[in-house]
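Working notes, beginning with the structure itself.
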Number of protein chains: 2
Amino acid sequence: MSAASTPDPTGAGPSRREQLLAIAAQQFAEKGFRNTTVRDIADAAGILSGSLYHHFDSKESMVDEILVAFQEELFGQYDAILASGDDARSKLEAAVRVSFEAIDKHPHEVAIFQNDANHLGSFERFGYLADRNAQSRQVWVTLIEEGVRTGVLRADLDVTLTYRFIRDTVWVAVRWYRPGRDLTHTDIADQYVRILLDGIAVEGKNHG
Amino acid sequence: MSAASTPDPTGAGPSRREQLLAIAAQQFAEKGFRNTTVRDIADAAGILSGSLYHHFDSKESMVDEILVAFQEELFGQYDAILASGDDARSKLEAAVRVSFEAIDKHPHEVAIFQNDANHLGSFERFGYLADRNAQSRQVWVTLIEEGVRTGVLRADLDVTLTYRFIRDTVWVAVRWYRPGRDLTHTDIADQYVRILLDGIAVEGKNHG
DNA sequence: GAGCATACCAAGCAAATGCTTGGTAGGGTG
DNA sequence: CACCCTACCAAGCATTTGCTTGGTATGCTC
């Protein structure tokens, strides 16, 4: 038990704070933010609930820290894609792939975002969630519109509806995708991109 | 106040029990099952929380009644589609349309199912949720496999992945669809079917 | 008008929950 | 050794939550 109370002087591993955040993220993802008690988190960490308040101000500040860190990483990748000189189809594919990679690397964070962003967003403290949501919409809409303009995507697409279709389809996969099973996130991204772009029907059998 | 405590002898309108269930469904859909308190429901109904227990055994029995009624209606429609003599593509389209119609007519029930089925399913009382989930999977997989067999759908489809793609894409729409706005549920179903079957790319521009 | 059913109130209880307070143990540093 | 920092415990408080209990008002029915 002495190891648990010993700080990490070498700085090699994650700090105790980061360890606790990872544990909290898992709990939040599994049960939702409001349904996770500070005692749940503390139990999972092997300490008492009161001890969490040595590291964090509140339960809210824990999710806050979790979400902000994740979003900064994700949107950094989106920005890089937008700034690249590739054609619209390649950029769209890249954005889908980056998203599935995020599900693979940060499943808890994505799940929290999917399940609790709506509820958390109603508090002033989490107003940035709405901003990030708008930013995400901007990324996808930009890519879709560029695709239509350059003749890569069908001109009769409802851009907003298509945006929702892509967004929902990609992120909702966090509900069933589990790393390390038969299909890798790259496999899934491949097939999703294929369905999204070309549909599931046999080519040339399109109805009018 | 006397009207509220007067039963409906004609049998024309919904019973008080049904009224309260509708109010509960809305609350559950908005805030989730566990995050909705019996006082929330009672407040929305204009009564005290204890009075709810004149009508229902528990908070759980309320969701139970809500979910069972909804599922019976939905799966009755799926069964009718499966039993019809239409071709695979028509049946697949019909199933998608019926699902969007369910979102339109019973948004609260669908939302509860989407958000809380996982959590509720861990209790023995709600074991039927897993059964219904399996039943739903069976419906879609049957339709997809028939489509592949009859040459309507691409033979290289991963059936399971395609099933998840369709299921997620359809039901997650409950998150943003609001009845009575610009797009009707029929409009949305049309476009979703089109994207699903033929993709968003311009025909003949398929890569690979 | 006596009996009964429906719909509700008023009050409260036991458990759970977020958070606080005061204290302890152990290691590093001067 | 004195001092301080990190990490934690022990105990508990105020509030919230699901649910219970005993009672009241209203209208229907015979």
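Each chain gets a letter, A, B and so on, in the order the sequences are listed, and its residues count up from 1.
The phosphate of D/dC8 has OP1 or OP2 within less than 4.0 Å of a side-chain N or O from A/His55. Residue A/Ser51 has no polar side-chain atom (N or O) positioned under 4.0 Å from OP1 or OP2 of D/dA7.
Distance NE2 (B/His54) to C1' (D/dT24): 13 Å, rounded to an integer number of Å. At whole-Å resolution of the value, CG in A/Leu52 and P in C/dT20 are 12 Å apart. Rounded to a whole Å, the CZ atom of A/Phe56 is 14 Å from the P atom of D/dT6. Atom-to-atom, CD1 of A/Ile47 to C1' of D/dA10 comes out at 14 Å; the value is rounded to the nearest Å. Rounded to an integer number of Å, the gap from B/Leu20 CG to C/dT6 C1' is 13 Å. One can place CZ of A/Arg16 at 17 Å from C1' of D/dC5, the figure rounded to the nearest angstrom. Going from atom CG of B/Asp43 over to atom C1' of D/dT16 covers 13 Å, rounded to whole Å. Regarding A/Gln27, its CD atom lies at a distance of 12 Å from the P atom of C/dG18, rounded to whole Å.
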Each nucleotide N or O in nucleotides 17-19 of chain D that has a protein N or O under 3.5 Å away: list the pair and distance.
residue : atom : partner : partner atom : Å
D/dG18  : OP1  : B/Thr36 : O            : 3.3
D/dG18  : OP1  : B/Lys59 : NZ           : 2.6
D/dG18  : OP2  : B/Val38 : N            : 2.8
D/dG18  : N7   : B/Arg39 : NH1          : 3.0
D/dG18  : O6   : B/Arg39 : NH2          : 3.0
D/dC19  : OP2  : B/Tyr53 : OH           : 2.6
D/dC19  : OP2  : B/Lys59 : N            : 2.9
D/dC19  : O5'  : B/Tyr53 : OH           : 3.4
D/dC19  : N4   : B/Ser49 : OG           : 3.4

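Judged as a side chain to side chain donor-acceptor pair (under 3.5 Å), and not counting sequence neighbours, B/Thr36 has no contacts.
Distance alone, capped at 3.5 Å, places no donor-acceptor pair between the B/Asp79 side chain and the B/Gly76 backbone.
Counted within 6.0 Å of CG on A/Asp40, heavy atoms from surrounding residues, nucleotides or ligands total more than 12; the atom is thus considered enclosed.
Using a 3.5 Å distance cut-off with no hydrogens or angles, the side chains of A/Arg194 and A/Gln191 do not pair a donor with an acceptor.
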Got a list of side-chain donor-acceptor pairs under 3.5 Å for residues 127-137 of chain A, not counting sequence neighbours?
residue  : atom : partner  : partner atom : Å
A/Tyr128 : OH   : A/Asp64  : OD2          : 3.3
A/Arg132 : NH1  : A/Gln135 : OE1          : 2.9

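Judged by the 6.0 Å distance and 45° axis criteria, A/Arg164 is positioned over the aromatic ring of B/Trp176.
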